[in-house]
Amino acid sequence: MSDILTQTIHQIELGIFNRFVQIATKYHLHYVATGGTLLGAIRHHGFIPWDDDMDIAMLRDDYQRFLEIAPKEFKNDHYFLQTPWSDHNFALSYAKILDQNTFIEEHNNINNARKGVFLDIFPLDKIPTSDAKRRRQMIDIKRLDSRIYLKLRYNIIDNPIRKFYGALSTEQIDTANDFKKARENMMTAYNDRVNLDQVKNLASQYAYEKEIFSLEQLQETEIVPFEDTQIIVPSDYDAILKQMYGDYLKLPPENHRSEKHIIKLIYNNQEFER
């Protein structure tokens, strides 16, 4: 069902994931599968055949600890921890682990950030109970996202004059970093509120209510098969997947079964392209 490019990406992503799990296990860091990876784990016991990324979520404390640890762990690896701080051209609000033995081109994502097959790692942050405060928080985050994307020259389509742009100036990088810090402060604004018991992936591409978890849901987990390995999922995955996808066991129409991200891969001196 999946083409040779997608199959190759899946194998590389499994390698990244297994390395991530080694580190998480070594340092007792907790994670769960989320998004399409959670759906794939339950419905397909592995990747959704036409999906081309992996999504992992961690509570902010574990996420920050991983960001501190991983660069040292990757020192002698072919992996790179890409964050808003490790790659000044990277505009996103979450982390990726890149396989540096690969190079990719992505659909509708033109920028100067480092490129490679990746594993997405999303932080989960507490959110307020008030709908008005939730809206205000998301508006502020999206506003900062837009400023960062603009400052770091993110585009949906390639611009012929882009090749004439010089490198970002120190002033441009500093301004983008100020926006990134403000965004992270906005994302973590409610984490010290002990009375709040819901967290959200604030970088989610889904509608606001789709990717909200209770802390209780994240405390109860189980291990399920995923391709030739295993992955940790919330025990309440049925409710979570229904919240995200509705009738999640039903396959989408064939014309909706398409890869989301990668259109070209260079790996082992071979070029794969859709």
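Bear in mind the structure is a predicted one, so any value in this text is a computation, not a measurement.
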Exercise. With no hydrogens and no angle check, is any side-chain donor or acceptor of Asn155 less than 3.5 Å from a backbone partner on Ile110?
Worked result: no

For this session: Could you tell me whether the side chain of Asp52 and the main chain of Ile262 form a donor-acceptor pair under 3.5 Å?
Result: yes

Exercise. In the hydrophobic cluster built from side-chain contacts under 4.5 Å, what are the other members alongside Met186?
Worked result: Ile127, Met138, Ile141, Met187, Leu202, Tyr208, Ile212

For this session: Identify the heavy atoms of Ala95 and Thr83 that sit nearest to each other, and give their distance.
Result: CB-CG2, 4.1 Å

For this session: Measure from NZ or CZ of Lys96 to the centre of the six-membered ring of Phe118 and say whether it is under 6.0 Å with the direction within 45° of the ring axis.
Result: yes

For this session: Could you tell me whether the side chain of Asn111 and the main chain of Ala113 form a donor-acceptor pair under 3.5 Å?
Result: yes

For this session: Identify, with sequence neighbours excluded, every residue that meets side-chain contact (heavy atoms from CB on, under 4.5 Å) alongside Pro225.
Result: none

Exercise. Between Lys200 and Leu124, is there a donor-acceptor pair closer than 3.5 Å when you use the side chain of the first and the backbone of the second?
Worked result: no

For this session: Report whether Phe226 and Ile42 are members of the same hydrophobic cluster (ILVMFWY, side-chain heavy atoms less than 4.5 Å apart, transitive linking).
Result: yes

Exercise. For the side chain of Thr102 and the backbone of Val117, is there at least one donor-acceptor N/O pair under 3.5 Å apart?
Worked result: yes

Problem set entry | Listed partners of Ser169 passing side-chain contact (heavy atoms from CB on, under 4.5 Å), at least two apart | Glu171, Gln172

Problem set entry | Pair Glu220, Ser235: side-chain N/O donor-acceptor within cut-off below 3.5 Å | no

Problem set entry | Centroid-centroid under 6.0 Å between Phe103 and Tyr267 rings | no

For this session: Taking all heavy atoms of Ala91 and all of Ile148, pick out the closest pair and write down the distance.
Result: CB-CG2, 3.6 Å

For this session: Ignoring hydrogens and angles, tell me if any N or O in the side chain of Asn18 forms a donor-acceptor pair with the backbone of Leu14 under 3.5 Å.
Result: yes

Exercise. Centroid-to-centroid, Phe90 to Tyr154, below 6.0 Å?
Worked result: no

Problem set entry | Minimal non-hydrogen separation, Pro123 against Ser93, with atom names | CG-O, 4.3 Å

Exercise. Should the pair Arg143-Asp140 be classified as a salt bridge under the 4.0 Å nitrogen-to-oxygen rule?
Worked result: yes

Problem set entry | Heavy-atom pair of closest approach, residues Pro128 and Gln137 | CD-OE1, 3.8 Å

Problem set entry | Charged tip of Arg114 within 45° of Phe80 ring normal and under 6.0 Å | yes

Problem set entry | Residues in side-chain contact (heavy atoms from CB on, under 4.5 Å) contact with Gln205, at least two apart in sequence or another chain | none

Report, one line per pair, each donor and acceptor closer than 3.5 Å where one atom sits in a side chain of residues 19-32; sequence neighbours left out.
{"unit_1": "Arg19", "atom_1": "NE", "unit_2": "Asp77", "atom_2": "OD2", "d": "2.5"}
{"unit_1": "Arg19", "atom_1": "NH1", "unit_2": "Gln22", "atom_2": "OE1", "d": "3.1"}
{"unit_1": "Arg19", "atom_1": "NH2", "unit_2": "Glu73", "atom_2": "O", "d": "3.2"}
{"unit_1": "Arg19", "atom_1": "NH2", "unit_2": "Asp77", "atom_2": "OD2", "d": "3.2"}
{"unit_1": "Thr25", "atom_1": "OG1", "unit_2": "Val21", "atom_2": "O", "d": "2.8"}
{"unit_1": "Lys26", "atom_1": "NZ", "unit_2": "Glu73", "atom_2": "OE2", "d": "2.9"}
{"unit_1": "Tyr27", "atom_1": "OH", "unit_2": "Glu73", "atom_2": "OE2", "d": "2.7"}
{"unit_1": "Tyr31", "atom_1": "OH", "unit_2": "Ile232", "atom_2": "N", "d": "3.2"}

For this session: Check side-chain contact (heavy atoms from CB on, under 4.5 Å) between His78 and all other residues, then give those that pass, not counting sequence neighbours.
Result: Asp99, Asn101

Seminar exercise, completed: All heavy atoms of Thr6 vs all of Asp51, minimum pair found to be CG2-O, 3.5 Å

Exercise. Is there side-chain contact between Ile48 and Trp50, with at least one heavy-atom pair below 4.5 Å?
Worked result: yes

Problem set entry | Distance-only donor-acceptor check, side chains Tyr237 and Tyr248, under 3.5 Å | no

Exercise. Would you say Ile121 and Tyr94 make side-chain contact, with heavy atoms under 4.5 Å?
Worked result: no

Problem set entry | Any donor-acceptor pair under 3.5 Å from Ser146 side chain to Lys142 backbone | yes

